[in-house]
Amino acid sequence: MVKSPEWGWGSGRTFASLTGSILLALVFVWQSRRHPSPVIDPALVRVRTFGWANAAMVIFNVAFAANLLIGILWMQQVWGWSALTTGFAVAVGPVFVPITAALTHRFLPNVTPSRLVAAGSLVCGLGAAVMALRMATEPNYATGYLPGWVLGGIGVGLALPNLMAGATHDLPPTQSSTGSAIITMSRQIGFVIGVSVLFAIVGDKQGVSATDDFVLAWWVAAAVLVVAAAAALGMRSRRAKVRVAA
């Protein structure tokens, strides 16, 4: 996906790379179903909360990684800011992550993780849309980037802790550590795909010539976050129903 703008989407190398990825993934699944001690037990994926949490984690971080990198590239390449100034500008958003997580734990203790993740995904999507609509070629940090990035921080504070906790909620205690490792892996896979998708959209453009593609990437990120919200709703735990039935 990174090299496709250079190779061309219809080139043999692009087709071979994508086909090879799909085939290797299928081989991994085939091996996991037959190995006596697989790295990832296929039974874990059949646990509803775990399977949907991993899907939501991958999708959410595809958009989050692209969203984060677009802002950094815009401030450095379009506004001409230094790496240090850009770093301080970006740091405001993460401040809201622990604040949101703490307030959520304090005031919304009975809301299910699936709904909190869905809400967080939609808030992040709104933040991406705000930046797509308001960012200008001249620096407008306070009115363009900051509102959208604060919304992103709030959304991450709602979504990420509940994705991590909800993923292992219904797993057996003996599988909780493996489940935590897999959900962390899903997060990293989402980051890799998100950066790859961004560069597939932008290609080799830089600076002001890339602003239209950056805006398009923001809209794509917003749309992907809506999909992440839908996937998060599949995390609804059945443990309560099982207990009632028992």
Side-chain angles (χ1 to χ4, degrees), residues 1-6 56-101 120-161 163 184-228:
M1 296 180 74
V2 172
K3 298 293 289 184
S4 58
E6 177 184 337
M57 180 68 87
V58 171
I59 299 169
F60 179 87
N61 282 285
V62 166
F64 176 74
N67 191 17
L68 171 63
L69 188 53
I70 298 165
I72 292 172
L73 293 176
W74 190 294
M75 286 185 280
Q76 290 189 334
Q77 294 184 3
V78 179
W79 291 352
W81 287 8
S82 68
L84 182 62
T85 303
T86 301
F88 280 116
V90 171
V92 177
V95 170
F96 285 86
V97 175
I99 295 174
T100 302
S121 300
L122 294 177
V123 172
C124 280
L126 178 61
V130 168
M131 288 185 281
L133 291 170
R134 300 189 63 86
M135 290 290 279
T137 54
E138 295 297 323
N140 64 331
Y141 177 79
T143 59
Y145 183 78
L146 184 60
W149 194 232
V150 167
L151 286 172
I154 294 171
V156 172
L158 286 168
L160 196 57
L163 275 172
T184 302
M185 178 189 70
S186 296
R187 182 184 182 188
Q188 301 304 322
I189 290 173
F191 265 85
V192 172
I193 297 174
V195 173
S196 301
V197 169
L198 172 59
F199 280 104
I201 294 173
V202 176
D204 58 356
K205 296 179 183 178
Q206 295 185 10
V208 178
S209 64
T211 54
D212 289 342
D213 294 307
F214 286 156
V215 170
L216 173 61
W218 261 317
W219 284 117
V220 170
V224 170
L225 285 163
V226 174
V227 177

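A 4.5 Å side-chain heavy-atom check between L163 and R187 finds every atom pair outside the cut-off. At least one side-chain heavy atom of W149 sits under 4.5 Å from a side-chain heavy atom of L68. In this structure the side chain of L151 never reaches within 4.5 angstrom of the side chain of F96, judged on heavy atoms. By the 4.5 Å heavy-atom criterion applied to side chains, W219 and L133 are counted as neighbours. Taking 4.5 Å as the limit, some side-chain heavy atom of W74 sits within range of a side-chain heavy atom of T211. Taking the side chain as every heavy atom from C-beta outward, W218 and M135 approach each other to under 4.5 Å.
In terms of heavy-atom proximity, S209 sits nearest to D213 at O-OD2, 4.4 Å. Here the shortest heavy-atom pairing between S121 and A159 reads N-CB, 4.4 Å. Between V97 and G153, the shortest heavy-atom contact is CG2-O, 3.5 Å. The two residues C124 and L225 come nearest to each other via the heavy atoms C-CD1, 3.5 Å. Residues A132 and V215 come closest through the heavy atom pair O-CG1, 3.8 Å. The two residues A129 and A222 make their nearest non-hydrogen contact at N-CB, 4.4 Å.
Atom CD1 of I59 is separated from atom CD1 of I189 by 12.5 Å, given to the nearest 0.5 angstrom. With rounding to the nearest 0.5 angstrom, the OG1 atom of T184 is 7.0 Å from the CE atom of M57.
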From CA spacing to verdict: side chain to side chain contact (heavy atoms under 4.5 Å, CB included), V92, Y141: CA-CA 12 Å; V92 177; Y141 177 79; 3.5 Å; yes

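Remark: the backbone N or O of A136 is paired with a side-chain donor or acceptor of W79 at under 3.5 angstrom. A donor-acceptor pair under 3.5 Å is formed between the side chain of R134 and the backbone N or O of T143.
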